[in-house]
Structure formats: C-alpha cells, structure tokens
Amino acid sequence: MFTKLIPAAVLAFALVQTACSEGINPSVPTDPGNPVTDTLTGTLTRNGADTRPFSVTRSGSVTATIASLAPDNTVIIGLSLGTWNGTACSAVISNDSATVGTSVVGAADREGRLCVRVYDADGTLPQPTDFELTVVHP
C-alpha cells in the first residue's frame with residue numbers, strides 16, 4: 001500500500017511545483033461543454049415584475065435576451081440578471097430601457113443559482129404584456 005502512495009505523492013508535489021514556477025499559468029483548462037438555453041414565458045403587468053431563478057453548473061458567460069413582447073413589441077421594460085438567494089433576486093446587471101432583442105450579458109464565476117428579472121421600469125406599461133426570454137448559460 002505504501003508503494004502506491006509514493007507515485008501519488010510525487011505527482012501531487014510535481015503539480016504544486018509546476019503551479020508555483022515562474023511563468024507557468026496555474027489555471028487548469030476546463031471543458032466548456034455545451035451551453036444550456038432556457039426559454040421563459042410569462043405576462044408582465046403595469047408596475048409588475050417577474051423573476052425566474054436558474055442554475056449554472058460551471059463558470060462561463062450568461063446571456064438573457066428579450067425574444068418577444070406581445071401584443072405591442074415596441075414597449076420598453078426592464079431586464080436584469082442577478083444572484084438568487086432562495087427567496088429574492090439581487091440584480092447585478094440591469095437595463096431599464098430594454099426592448100425586443102435587448103440582451104444583458106454577465107459571467108458566472110462558479111456553479112450556483114442566478115436569476116433573470118423583467119419589470120415595468122417606469123410604471124408605464126399600457127397593458128398586460130406577454131414576454132418570452134431566452135437565457136443561455138453554462
């Protein structure tokens with residue numbers, strides 16, 4: 001059993017020494033995998049908001065896009081990405097003047113729970129508005 005531990009200890013020591021050597025990037029390349037695309041739909045009302053949590057399984061880019069708004073695709077709403085604590089979304093990136101095609105882009109630095117939120121930023125939504133969002137994430 002002792003002889004099996006020696007090669008593992010030598011390998012661990014070599015990795016530590018390599019990582020500490022000057023000019024060596026200690027980051028380990030990771031498999032970026034395929035991104036996940038979530039399609040979220042709902043209805044937004046005047047002064048209203050809709051928050052949707054989602055999970056990321058690794059670090060990487062996160063993009064939320066307004067795919068459609070109906071019946072009036074010219075209305076302006078708010079769109080944000082944030083962190084989810086289990087009960088609320090803490091916005092990190094926001095656009096209070098979002099229209100169809102608008103995206104907000106952020107980066108997840110690790111596995112965890114994030115959220116996307118749409119809202120009537122100015123309280124001027126003229127009628128209930130159906131929305132469709134796409135969220136692309138790791």
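Residue indices begin at 1 and follow the sequence shown.
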>> Do S59 and D109 pair up side chain to side chain, a donor and an acceptor below 3.5 Å, judged on atom types alone?
In response: no
> Which pairs pass ring-ring contact (aromatic ring centres under 6.0 Å, His included) with one or both residues in residues 67-97, sequence neighbours excluded?
Replying inline: none
>> Minimum heavy-atom separation for S90 and C115, please, with both atom names.
In response: N-SG, 4.3 Å
> Got a sec, which residues hit side chain to side chain contact (heavy atoms under 4.5 Å, CB included) with E111, two or more places apart in sequence or on another chain?
Replying inline: none
>> Could you list the cluster mates of Y119? Members are the ILVMFWY residues connected by side-chain heavy atoms closer than 4.5 Å, either directly or through other members.
In response: none
> Looking at T43 and P128, what are the two nearest heavy atoms and their distance?
Replying inline: CG2-CB, 3.9 Å
>> Nearest 0.5 Å, please: how far is CZ in R110 from OG1 in T57?
In response: 14.0 Å
> So which heavy atom on S80 is nearest to which on S94, and how close?
Replying inline: CB-OG, 3.2 Å
> Nearest 0.5 Å, what's the CD1-CG distance between I76 and N95?
Replying inline: 9.5 Å
>> Ignoring hydrogens, what is the shortest heavy-atom contact between A108 and R58? Give both atom names and the distance.
In response: CB-O, 4.2 Å
> If you round to the nearest 0.5 Å, how far is CD of Q127 from OG1 of T45?
Replying inline: 12.0 Å
>> If I compare all heavy atoms of R46 with all of T124, which pair ends up nearest, and what's the gap?
In response: NH2-O, 4.0 Å
> Using a side-chain heavy atom cutoff under 4.5 Å and only I, L, V, M, F, W and Y, what cluster partners does V36 have?
Replying inline: none
> Donor-acceptor pair, N85 side chain versus C89 backbone, under 3.5 Å?
Replying inline: no
>> Please enumerate all residues that pass side-chain hydrogen bond (donor to acceptor under 3.5 Å, both in side chains) together with D122, with sequence neighbours excluded.
In response: none
> Which other residues end up in the same hydrophobic cluster as L114, if Ile, Leu, Val, Met, Phe, Trp and Tyr are linked when side-chain heavy atoms come under 4.5 Å apart?
Replying inline: L40, L44, F54, V56, V62, I66, L69, V75, I77, L79, L81, V92, I93, V100, V104, V116, V118, L125, F131, L133, V135
>> Please find the pair of heavy atoms, one from H137 and one from S55, that lie closest to each other, and give the distance.
In response: CE1-O, 3.1 Å
> Could you state the interatomic distance from CG (D72) to CG (D130), rounded to the nearest 0.5 Å?
Replying inline: 12.0 Å
> Between the main-chain N or O of P53 and the side-chain N or O of R117, is there a donor-acceptor pair closer than 3.5 Å?
Replying inline: no
